[in-house]
Amino acid sequence: MLKKKGYPWLLAKGFPNSAILTQFIEFPSVEKCKQFDFALWKNGEQVQLGNIQNMIFDLQTIVDFSALHFGLGKGDIIFTGTPEGVGPAAEGDHFALKWGENTLGEFSVSLNNK
């Protein structure tokens with residue numbers, strides 16, 4: 001709805017609990033990351049598929065730019081864009097993040113504002 005009205009993406013993506021994070025894993029290396037795709041599954045159907053090789057800027061460029069222009073500290077997280085397939089979420093939808101064959105995290109949507 002916000003996108004259709006022409007509002008900035010900040011309003012569509014930047015709301016409480018909108019940045020779901022998994023447990024952190026040790027960074028294996030850029031080359032190792034390129035060997036595996038990451039995917040988002042919604043209700044048992046793959047809706048997004050990507051690989052860091054497809055990013056417009058490589059990881060080091062993003063880190064260097066962010067450090068120079070915003071500053072970076074231990075524990076900071078850099079969010080980038082997402083692969084094609086972004087869509088709406090509804091009450092009860094179940095999502096799973098996979099990297100290669102491994103499921104890194106899962107959650108179900110709860111729109112209850114309690």
Side-chain angles (χ1 to χ4, degrees):
M1 183 170 86
L2 293 172
K3 183 178 177 183
K4 288 179 185 176
K5 291 182 177 181
Y7 288 120
W9 276 108
L10 176 62
L11 296 174
K13 292 187 173 188
F15 52 89
N17 300 314
S18 63
I20 305 299
L21 298 175
T22 66
Q23 293 290 321
F24 288 102
I25 60 172
E26 187 172 326
F27 182 68
S29 74
V30 170
E31 290 309 311
K32 182 85 169 182
C33 287
K34 289 178 181 179
Q35 293 175 11
F36 299 98
D37 291 334
F38 54 89
L40 182 67
W41 290 71
K42 175 183 175 184
N43 300 326
E45 178 184 344
Q46 182 180 296
V47 292
Q48 289 183 295
L49 180 68
N51 189 295
I52 66 166
Q53 295 181 86
N54 301 330
M55 295 173 69
I56 295 170
F57 299 103
D58 64 77
L59 292 179
Q60 191 61 57
T61 299
I62 293 170
V63 170
D64 292 345
F65 181 90
S66 298
L68 178 65
H69 295 283
F70 310 113
L72 287 177
K74 184 176 181 176
D76 285 351
I77 299 170
I78 300 171
F79 288 90
T80 63
T82 59
E84 183 178 344
V86 173
E91 179 74 31
D93 282 346
H94 181 80
F95 290 87
L97 171 65
K98 297 187 179 192
W99 187 51
E101 296 296 318
N102 298 317
T103 299
L104 298 182
E106 302 181 66
F107 71 96
S108 292
V109 175
S110 174
L111 300 175
N112 189 343
N113 291 326
K114 289 182 182 178

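- The side-chain contact (heavy atoms from CB on, under 4.5 Å) search around Glu31 returns Ser29, Lys34, not counting sequence neighbours.
- Counting all heavy atoms, side chain and backbone alike, Trp99 lies closest to Cys33 at CZ2-CA, 3.7 Å.
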Only distances under 3.5 Å count here; give the side-chain donor-acceptor pairs of residues 36-49 to other protein atoms, sequence neighbours excluded, each with its distance to 0.1 Å.
from, atom 1, to, atom 2, distance (Å)
Asp37, OD1, Asn51, ND2, 3.0
Lys42, NZ, Pro88, O, 2.7
Asn43, OD1, His94, N, 2.7
Asn43, ND2, Asp93, OD1, 2.9
Gln48, NE2, Pro83, O, 2.7

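- Surrounding CD of Glu91 are more than 12 heavy atoms belonging to other residues, nucleotides or ligands, all under 6.0 Å away.
- No side-chain heavy atom of Leu97 sits less than 4.5 Å from a side-chain heavy atom of Glu106.
- Atom CE of Met55 is separated from atom OG1 of Thr80 by 4.0 Å, given to the nearest 0.5 angstrom.
- For the atom pair CG of Leu21 and CZ of Phe107, the computed distance is 10.5 Å after rounding to the nearest 0.5 Å.
- Neither Phe27 nor Phe24 shares a network with the other; the hydrophobic side chains, linked directly or stepwise wherever heavy atoms of I, L, V, M, F, W or Y lie under 4.5 Å apart, form separate groups for each.
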For residues 56-78, please give each side-chain donor-acceptor pair under 3.5 Å, one per line with the distance, not counting sequence neighbours.
from, atom 1, to, atom 2, distance (Å)
Asp58, OD1, Gln60, N, 3.1
Asp58, OD1, Thr61, N, 3.0
Asp58, OD1, Thr61, OG1, 3.2
Asp58, OD2, Thr61, OG1, 3.0
Gln60, NE2, Asp64, OD1, 2.8
Ser66, OG, Ile62, O, 2.9
Asp76, OD2, Gly73, N, 2.6

